[in-house]
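Worksheet: the structure to be examined is printed underneath.
Keep in mind that what you see is a predicted model, and the values were worked out from it rather than measured. Residue numbering restarts at 1 for every chain, and letters A, B, ... go by the order of the sequence lines.
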Amino acid sequence: MLDPKSFRQDPSVLVEKLKWRGYTLDVEKYHELEDRRKNLQEQAEELQARRNRISREIGIAKSRGEEANGLMHEVSTLGDDIKLRSSALTQVQSELQAMLSEIPNLAHESVPLGMDEEGNIEIRRWGAPRAADFAFKDHVDLGESLGMMDYGYASKLAGSRFVVLRGLLAGLHRALSQFMLDTHIRDHGYCEANVPLLVNQGTLFGTGQLPKFEEDQFKTSEDPPLYLIPTAEVPLTNAVADRIVEDPELPMRLVAHTACFRREAGSYGRDTRGMIRQHQFEKVELVHAVRPDESYEALEIMTGHAETILQKLELPYRVITLCTGDMGFAASKTYDIEVWLPSQQLYREISSCSNTEDFQARRMKARWRNPATGKPELLHTLNGSGVAVGRALIGVMENYQNQDGSITVPDVLRPYMLGVTRLSK
RNA sequence: GGAGAGUUGGCAGAGUGGUCGAAUGCGCCGGUUUCGAAAACCGGUGACUGUAACAGGUCCGAGGGUUCGAAUCCCUCACUCUCCGCCA
C-alpha cells in the first residue's frame with residue numbers, strides 16, 4: 001500500500017507515476033471519500049470526547065456519593081449519535097482502504113519507463129550459449145524419450161499444466177532444490193524456513209496477492225478461507241507482519257523451498273507445452289527484511305545470490321531491469337534473471353528479484369525500531385527466486401543435453417545424485 | 001472428536017463496571033555514586049491517529065451487545081495450553 005499521507009499532500013504527482021504502472025487513479029473519487037472521512041472522523045471524535053468527559057464527571061460525583069441525574073440525562077442521547085457516526089465512518093474508511101489496497105506500488109526513480117516488456121533493459125550477460133553442433137531438443141522431447149517425464153500420466157491425474165517426473169530426472173529435480181538451499185544457507189547466510197503451504201487471507205493481503213489477484217489463487221476452503229501459496233514469498237515475508245523488529249535482527253534473510261500453486265488464469269494460450277508454466281511447481285525463495293536505507297543494496301546482493309546458483313550450474317543467463325509497466329503489483333524495482341534455452345534460442349525467466357520498499361510492510365504492519373529515533377518505522381522487504389526449480393531443471397536438461405539424447409549431470413549436482421554423472425535410457 | 005484452563009505493554013504478571021493506557025517485578029534508557037564497573041538509589045520507558053505544538057480520539061486476542069460509562073458483565077468467533085481418544 002502507498003502512504004495515505006502522500007495522497008493527502010499531492011495526488012497529482014501520484015497520478016503521473018501510476019500512469020506508468022498502467023494504473024489510472026480516480027482522484028475525484030479519492031478526494032470525495034477523503035473529505036467525507038475527515039468530516040465524519042472529526043464529528044465522531046468530538047462527540048466521544050464529550051461523552052468521555054461527562055462520564056468521568058459522573059464517576060467522580062458518584063464516588064462522592066452525590067446525585068448525577070442531570071449529567072446522566074445530558075449524555076444519554078450521545079451514545080446513539082456516536083454509534084451512527086462511527087458506523088458511517090467505518091464505512092467510508094473501508095471504502096478508502098479498498099481503494100488504496102488495489103493501487104500498485106510506485107517505481108523507483110532508476111526504473112526505466114515503459115508500458116510493457118518492450119521497455120525492459122538488459123544490464124548484463126553471463127556465460128556463452130553453447131555452439132549448435134547438433135540440433136537441440138527441447139526439455140519435453142528429452143524427458144519423454146528418456147521415459148522420465150510424463151504429461152499423459154499427469155493430465156489423467158489432474159488435468160493440464162501438471163507433470164510427472166520419474167527416476168533420475170525426479171532425482172535431478174530434487175538435487176537442484178537441495179543444492180540451491182544448501183548454497184543459500186551455507187554460503188549466503190540465509191535462515192532456512194519450512195512454512196505452511198496454505199495461508200489465510202490476511203497473509204495474502206500482506207504481500208499484495210489479495211484482494212486484487214484472487215482469481216490467480218487456488219482457494220481450498222471456505223471456512224476458514226485458506227489458499228495454496230503462489231510463492232513462498234507469502235509465508236516468508238509475513239514473518240515480520242505485525243511486529244516491531246529490533247535493529248540487531250536486521251538484515252533478516254530467509255530461504256524456503258516449497259511447492260507453489262497458481263491458477264494461471266488469463267494465460268490460457270501461453271507456454272502450454274512442457275514445464276515452463278505449471279499449476280504446481282517448486283521454487284527456492286529468498287526474502288530479506290532490511291533497514292529502509294539498505295534495501296537497494298540488498299536488492300543487488302539478493303540478485304547476486306540468485307546469479308550464483310546459475311553460475312555454479314554453469315548456465316548462461318542475462319539480467320534485465322523490468323520497466324515500470326512490466327513490474328509486479330508490489331514491486332518498486334525488479335531484476336529478472338533469464339536462463340538461456342538452446343531449443344528456443346531465447347533467454348527465459350528463471351528468477352525475479354524485487355524490492356517492494358515499504359509497500360508490503362505497510363500492508364502487514366512490519367516495522368523496526370530505528371535506533372536513531374527510538375521510534376518504530378516501516379522496514380523494507382525484498383523477495384526473489386533463488387531460483388525456480390522446474391525452470392532450472394529445464395535449463396540443465398537443455399544446456400547439458402548430448403547428441404544421443406542423454407543429459408550430463410552438472411558437476412555441482414553430482415554429490416546430490418550419489419555420483420550419477422549422466423541421465424540416459 | 002471429548003473435557004477443562006487461558007489470551008492484558010519487550011517479557012512476566014495484577015486488575016473492584018467509574019479520574020485505568022492500566023499496579024508490581026524484570027528488561028531497557030538517563031542520572032547520582034565510582035579511577036572504571038557491579039550493586040544501590042533517583043527518574044524515565046507501549047502503539048496508532050491527530051496537531052505548528054498542545055488538546056483530542058482509538059487500542060487490554062477479534063467482532064457484536066448491555067450501560068451515562070467496559071480490560072472488568074453477556075454473546076459469537078479465532079488462537080494457545082493441559083488431560084483423554086484417534087492418528088502420520
Atom pair distance, as rounded to whole Å: CZ in A:R367 and C1' in B:G9: 13 Å
Gap between atoms CD and C1', on A:Q93 and B:U49 respectively (whole Å): 10 Å
Touch class at under 4.0 angstrom, heavy-atom based, for A:R37 against every strand present: nothing
Sugar-phosphate only, base, or nothing, as touched by A:P224 at under 4.0 Å among non-hydrogen atoms: nothing
Donor-acceptor contact below 3.5 Å, side chain A:N238 vs main chain A:T203: yes
Does [N] pair with anything, Watson-Crick or G-U wobble, both distances under 3.5 Å, and if so, with which nucleotide?
N     : answer
B:G1  : B:C84
B:U66 : none
B:U32 : B:A40

Pairwise P distance, B:G65 and B:C59 [rounded to whole Å]: 14 Å
Residue pair A:Q360 / A:T381, side-chain donor-acceptor N/O under 3.5 Å: yes
Nucleic acid footprint by protein, nucleotides 56-69 of chain B - heavy-atom cut-off 4.0 Å, B for base, S for sugar-phosphate alone: BSS-------S-BS
Distance flag, aromatic centroids of A:F218 and A:H279, threshold under 6.0 Å: yes
